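Since the structure is predicted, the reported quantities are computational estimates derived from the model, not experimental observations.
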Amino acid sequence: MDRGTERDTPAGPGAGHGPVTEATEPGRVPLAVVVVDREGLVSHWSRGARRLFGVPKDEAIGRAALDLLPVSGALPEDQDTTPYEADDGPGPGLEASLDGGLSYPAAGRARLSAPGSERVDVLWWAYPLVVPGPERLLVLAADADGLRAGEGAFQRIAPGFAPHTDFPGAGDLARRLPEILPSMSVGESARIVGQILELGYPVLEFSQNDRVPVTPDWGVARRAERRARRERAARALAAGEPVPQELRDEGEDLEYAAVRERLEFLNEVSGRIGTSLDLSRTIIEVSRAVVPRFTDVAGTYLREQVVAGEGFPEGVPDTTTMWHRVAVEHTDEPGRWDDVVPVGEAMPFPAHTPFFQCMTTGEPVLVPRISEEMGHAIAAQFEKRDIRPLITGRSMLVVPLKARQVVLGFMILLRHPERPVFNDMDRVTGAELAARAGLVLDNARMYTYQENVAETLQDSMLPHIPPRMAGCDIATRYLPGTLLGRVGGDWFDAVKLPGGRTAFVVGDVMGHGLNSAAMMGQLRTAVQTMAGLDLPPAQLLRNLDDLAQRLGDSYLATCLYAVYDPIASELHLANAGHIPPVLVRADDGRSELLDLPTGAPIGVGGVPFEAVRMRVEPGDRLVMCTDGLVEVRGEDIGVGLATLCESAAHPAASMDDACDTIIRALNTCGGRKDDVALLMARLNGIGPDDVAEWRLALDPAEVGRARAAVREQLHDWGLAKLAAPAELMVSELVTNAVRHSRARPVELRLVRGDALLCEVDDDDHELPTLLGTGPLDDVGRGLRIVSTLSREWGTSRTETGKTVWFELTLPRR
């Protein structure tokens, strides 16, 4: 960045607090950025490079890097003001990097002789680029004069992180940056900070002009050199060879350093897995936690019951147990493993494989090198796929994923042939890693299982409403929330009532989880039962509130109950603390929130409820929903209600399309946290031409007149095929009504809708019951006939007596 630019200080050791200028900020340096290709030629030359080295970009591109980077000297061992070497020319570290002699990052500090300027104190860093491509080396250089504010500035430059790097003029390289840094697995940009710090070279930083990976812990060269010495000492010890004198100190400290490193690794892994209770996410976290630091390939397999979110798997696995491959993480080129071992495949494992040994004993299995014979044995189970090139010659460690002494799955860990083989210490580390991962996976499995139970319970309680009921069309939607424990207590229902009427219900038990879903089931069942008794809306809510009080005071619920009479074209509604419904008028498309007495939620107790009646017209639409559709945390619910009204009025080709329009308008699929229940009904009505009514005197002779009237009306409607059974059943019901009525005439009504409805009404309050009858019994045969011949029948009390009704299916036209 330009000197003096004010920026926020990056987080990390040595970083400041708040904005500071570049000249005094220890965590920022203006950078020269140079990319060198495999021929040693410059392929990228930043503006910072032009300023520092005095060479324009067009002259630098394509020239040998050794000619353009006259940096001398290496980083002094004590990091103080030790004099620099006097000779110009690249220092040994940079020269080795430019020649391809170093495979790890290097750093240096020297004097620069630039045309027309004094000798300049320069810091430089070189990073090998290890993926296929023309670029081989990334070189950074900086003028250190800006860091002369204090000695502390020379100890460490604080790390930062730039999630989106952008090389001006080298966009392709920038997009591949997470892939080209050493030891990075493909697509692992989110893990770059921890990985790079552990390996001893920098995290990402950004400046105003050049967005690049920057650095610098000044001890990077010495740390890399010490790491290389430790690795050489370890190889000598593992091979039983004498350790050279210069490596003995490293060898003596090797065991302590290795133990410390493994403890740090396990601690880091523990912090990176189990960040959520989502089983799929946990699986990915576990797989990525070990690649590439501990292994180069990690394949995770789980038992079928675990993947399905079922109960705890029982019994010891055998050769018939199906294992699902749920994740494969690796550092190989993209796609190399995808076709051969695709994620999602399920397979058993034969008894002769190390995988079977691991899953039956519950202990890690170590294979220092996979021989050709073993590779062939393992590959034999992969039909038409040759896995041997992927595994032969690699070191393998198979670790079980256990919980409560039961194997839930296992991980197959593979190292590249050029990497040190797994040893006994790795076996112990892998076992500890698997134990922690198994616990995390089991927690996610148990949560998934409980969530599946709650969802199953809720799904079983949500009704399957037919798209057409008497005089109306219905469409519904239920959407679970997006928070943990997203199963909630929202429900909807449509209940068939006597007289061709339909009750619409939408309710919401406050809270989430299994208990809320169970409470919702109890309330929904109670509403269905009381609706079947044809209780008025206000009385039904009153009884529901009493029931909630008896069930306990732990839950509250809101409920909206509406009864639609398609013959009278009337709605009868009552509300218990619920958001109001929307009515969309058919004549002009206008929509409005219905102004209803709100009432208190169900469960408050001792609160009266009021009901209102309102006229509707054929084609009007009633929209009822729960607050999860319109309410967003931090926003006024009025905004959501206004959007609901607007979207409900939008023309749609069908009821389902109308529901989808509302869902899209309110962005429910894009992050609503609460669950949603939506019910829409188009109130078609039943016209006068489809209704026939008669009043019958309390005279047995009226039974014959009733039969004749029904026969004639059915012929007029073109339903002559129904005349015979309808006459017989009407005769039985009218006979009983005339016999038991006290004073008021008997009323007979036929309604032609989706079915043929016949109702007989009298002033006797005693409901008839279906009785078992013998050959010589004189009573009870009438209802037995009705029960046998009708599609459906029932009885209900009215204010003045009772109604007995039956339905017949209309013949297909």
Does atom [atom1] of [X] have more than 12 heavy-atom neighbours, drawn from other residues, nucleotides or ligands, at distances under 6.0 Å?
| X | atom1 | result |
| --- | --- | --- |
| H650 | NE2 | no |
| E646 | CD | no |
| D587 | CG | yes |
| E712 | CD | no |
| E610 | CD | no |

Between [X] (side chain) and [Y] (backbone), is there a donor-acceptor pair under 3.5 Å?
| X | Y | result |
| --- | --- | --- |
| R739 | V734 | no |
| S741 | V738 | no |
| R615 | A568 | yes |
| T643 | V639 | yes |
| W717 | D689 | yes |
| D620 | E617 | yes |
| R749 | V691 | no |
| R524 | G521 | no |
| D763 | A743 | yes |
| H740 | H765 | no |

Is the closest side-chain heavy-atom distance between [X] and [Y] below 4.5 Å?
| X | Y | answer |
| --- | --- | --- |
| D761 | V746 | no |
| F504 | L560 | no |
| E807 | K496 | yes |
| E747 | V760 | no |
| P466 | I474 | no |
| C659 | I662 | no |
| R744 | T800 | yes |
| L583 | S591 | no |

Exercise. Any chance you could lay out the side chain to side chain contact (heavy atoms under 4.5 Å, CB included) test for V676 and C625, step after step, and finish with the verdict?
Key: CA-CA 7 Å; V676 171; C625 67; 5.6 Å; no
Can you name the nearest heavy-atom pair linking [X] to [Y], along with the distance?
| X | Y | answer |
| --- | --- | --- |
| A586 | P618 | CB-O, 3.7 Å |
| F609 | I602 | CZ-CD1, 4.1 Å |
| P811 | K721 | CB-CD, 4.5 Å |
| C472 | T502 | SG-OG1, 4.1 Å |
| M624 | V506 | CB-CG2, 3.6 Å |
| A723 | L714 | CA-CD1, 3.6 Å |

Hey, what do you get for [atom1] ([X]) to [atom2] ([Y]), rounding to the nearest 0.5 Å?
| X | Y | atom1 | atom2 | value |
| --- | --- | --- | --- | --- |
| L629 | L678 | CG | CG | 6.0 Å |
| T803 | E759 | OG1 | CD | 6.0 Å |
| L789 | L808 | CG | CG | 8.0 Å |
| L767 | S796 | CG | OG | 7.5 Å |
| L696 | E702 | CG | CD | 5.0 Å |
| D764 | R742 | CG | CZ | 5.0 Å |

Practice problem: Apply salt bridge (Lys or Arg N to Asp or Glu O under 4.0 Å) to the pair D546 and R542, showing each step before the final yes or no. | Solution: CA-CA 6 Å; D546 292 341; R542 173 74 273 147; 3.4 Å; yes
Quiz item: Is any side-chain N of the basic residue among R477 and D660 closer than 4.0 Å to the acidic one's carboxylate O?
Solution: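 Between D660 and R477 there is a salt bridge, with a charged N closer than 4.0 Å to a carboxylate O.
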Self-check item: N736 side chain to E732 side chain, donor-acceptor N/O pair below 3.5 angstrom
Solution: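 No donor-acceptor contact under 3.5 Å links the two side chains.
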Quiz item: Passes salt bridge (Lys or Arg N to Asp or Glu O under 4.0 Å), K802 versus D762? Steps please.
Solution: CA-CA 6 Å; K802 70 174 183 296; D762 60 51; 2.9 Å; yes
Quiz item: Yes or no on side chain to side chain contact (heavy atoms under 4.5 Å, CB included) for Q713 and W694, after CA distance, side-chain angles and deciding distance?
Solution: CA-CA 11 Å; Q713 184 63 58; W694 299 273; 4.1 Å; yes
Quiz item: Does the pair D545 and Q549 meet the rule for a side chain to side chain donor-acceptor pair (under 3.5 Å), with working shown?
Solution: CA-CA 6 Å; D545 183 59; Q549 290 288 303; 4.7 Å; no
Exercise. Show your working on salt bridge (Lys or Arg N to Asp or Glu O under 4.0 Å) between R501 and D565 and close with a plain yes or no.
Key: CA-CA 5 Å; R501 295 168 301 148; D565 188 336; 5.0 Å; no
Quiz item: Yes or no on side chain to side chain donor-acceptor pair (under 3.5 Å) for T626 and D490, after CA distance, side-chain angles and deciding distance?
Solution: CA-CA 7 Å; T626 53; D490 290 20; 2.7 Å; yes
Quiz item: Given V582 and L622, is the side chain to side chain contact (heavy atoms under 4.5 Å, CB included) satisfied, shown in steps?
Solution: CA-CA 6 Å; V582 173; L622 181 68; over 6 Å; no
Quiz item: Could you go step by step and tell me if L551 and Q522 meet the side chain to side chain contact (heavy atoms under 4.5 Å, CB included) rule?
Solution: CA-CA 9 Å; L551 293 176; Q522 295 181 79; 3.3 Å; yes
